[in-house]
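Report on the structure given below.
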Protein chains: 2
Amino acid sequence: MTTPAQGLHTHVLDALGLEIAAGDCPPGLVLRTDELAQRFDVSRTVVREVVRVLESMHLVESRRRVGVTVRPTEEWNVYDPQVIRWRLAGSDRPRQLRSLTVLRSAVEPVAAGLAARHATAEQCAALTECALGMVATSRGQQLEGYLRHDIAFHRIVLNASGNEMFARLGDVVAEVLAGRTHHQVMFEDPDPAAVTLHVRLAEAVREGDAGGAERLTKEIAVGALHELDVLAP
Amino acid sequence: MTTPAQGLHTHVLDALGLEIAAGDCPPGLVLRTDELAQRFDVSRTVVREVVRVLESMHLVESRRRVGVTVRPTEEWNVYDPQVIRWRLAGSDRPRQLRSLTVLRSAVEPVAAGLAARHATAEQCAALTECALGMVATSRGQQLEGYLRHDIAFHRIVLNASGNEMFARLGDVVAEVLAGRTHHQVMFEDPDPAAVTLHVRLAEAVREGDAGGAERLTKEIAVGALHELDVLAP
DNA sequence: GTGACATAAACGTCGTACTTTTCGCTCCTC
DNA sequence: GAGGAGCGAAAAGTACGACGTTTATGTCAC
């Protein structure tokens, strides 16, 4: 799962970012660049660039004469898809998954309502296709295929909303869906009710039924939250 | 408004980030590190660190033998507060302000509903205090004071929701409020209706009235959107 | 025209030297 | 003994020069 040799920088960034975002480093812990350089067997240059990126994500703070301090969780840029990925790989995945799903339950219904008003013919067609794809992969251990269609479906809705901020949440949703598929034990096939709701949502959007689209999306979100309640502490 | 001498890195990052995020650089434009180093009169080391940060925000992409390419808007990490600040200082501020306000109108009502259920006594008190502060500064050209209370108010609501993702939107909301106060000509005092709504919202939260809190917040959002329609192209 | 190959341009990495900030300690004064 | 001034060192910040690595592009032969 690690990117093999896409640059030293990427490798160190991923390792360190994962370590911090996953919660392995207590807030306030101080790292030294020299130390890190030695530990990862790279030059200080590389470490400094990594630290700068981590700093831009508010994961750490670098101060002279003191070192690189790990910042408390509340200050992180938790909307950075990279940070989300790191956190979902860590120990507080359940909490993270839950708060992200609550966010989805707030945003996606509104986005779906807007999509019903603004979606183009192509977007409607693509949406229907995705819904059908979900139906087709909803049985028989085809979780990967289902996930792909699910992600595409929600991405289209968010894009069709016509709002840039919603659209850019597509990556976040993708991370959430991928995270819950990959990290959570899901013996069984996806919830049939959810599949049906997606099909009906595609219909509602195609028919320009904003209210219906919003309501159906809310139901999907409620279902997702309930699923979390069942499968997580 | 520029940070005087808080490090060369910060200065160059701000200048370049602003230039790109504000829309002065067309997507696809290629920059060279040497060129930038010369232009800002800093070493390549500094430029490289800046580029790395910009790259982590998906504002640019750095490829060997090619240079640093400016990415299209759709790929930017538009939830990064820094990026939001840069964009709000640029030419498409109206569009940006609108999409952010739509986002708020989706998120804040839900957050307020949760806040009504979860807010502590301290948070309720602070909320009331902010609302009173808004009332006190709502007349007589005290926009800065009003802004400070407004930001604090919304931050408390988002924090009190108990959801981390909502809480972290506090920075985004702060940028929006600050942006619309500083960049938009506001001869007159804030809308009295909005002030009243905030006071009532504080009450609703204190009384644990989730439905009321949600409804009032929606009204605030609608008002903000309407205000944008009036004052923006 | 198509393929392989050479070339060079740009970023990527490294090591070193020097500068700047600032923590923490000592020492002096009151 | 308390408090402040001054000193020294530790760590990040900056600069520079060299070399490595990738890869777009042009060239040459077929």
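Only this structure's heavy atoms are used, side chains among them; waters, hydrogens and symmetry mates stay out.
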Rounded to the nearest 0.5 Å, how far does [atom2] of [Y] lie from [atom1] of [X]?
| X | Y | atom1 | atom2 | value |
| --- | --- | --- | --- | --- |
| B:I220 | B:L225 | CD1 | CG | 12.5 Å |
| B:L103 | A:E164 | CG | CD | 11.0 Å |
| A:S56 | B:L13 | OG | CG | 8.0 Å |

Just the rounded figure in Å: distance from [atom2] of [N] to [atom1] of [X].
| X | N | atom1 | atom2 | result |
| --- | --- | --- | --- | --- |
| B:L8 | C:dT21 | CG | P | 11 Å |
| A:E49 | C:dT13 | CD | C1' | 9 Å |
| B:L31 | C:dA10 | CG | P | 12 Å |

Within the structure, does a side-chain N or O atom of [X] lie under 4.0 Å from either OP1 or OP2 of [N]?
| X | N | answer |
| --- | --- | --- |
| A:R48 | D:dG13 | yes |
| A:R65 | C:dT21 | no |
| B:R52 | C:dG12 | yes |
| B:T33 | C:dC11 | yes |
| B:R63 | D:dA24 | yes |
| A:S62 | D:dG13 | yes |

### Query
Given that B:T45 and B:R64 both sit by DNA chain C, which one's nearest nucleotide is further toward the 5' end?
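Between the two, 5'-proximity favours B:R64.
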### Summary
Between B:V66 and B:V42, the residue closer to the 5' end of DNA chain D by nearest nucleotide is B:V42
### Task
Say whether, by atom type as modelled, one donor and one acceptor occur between the side chain of B:N159 and the main chain of B:R155 under 3.5 angstrom.
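Looks like yes, one N/O pair under 3.5 Å.
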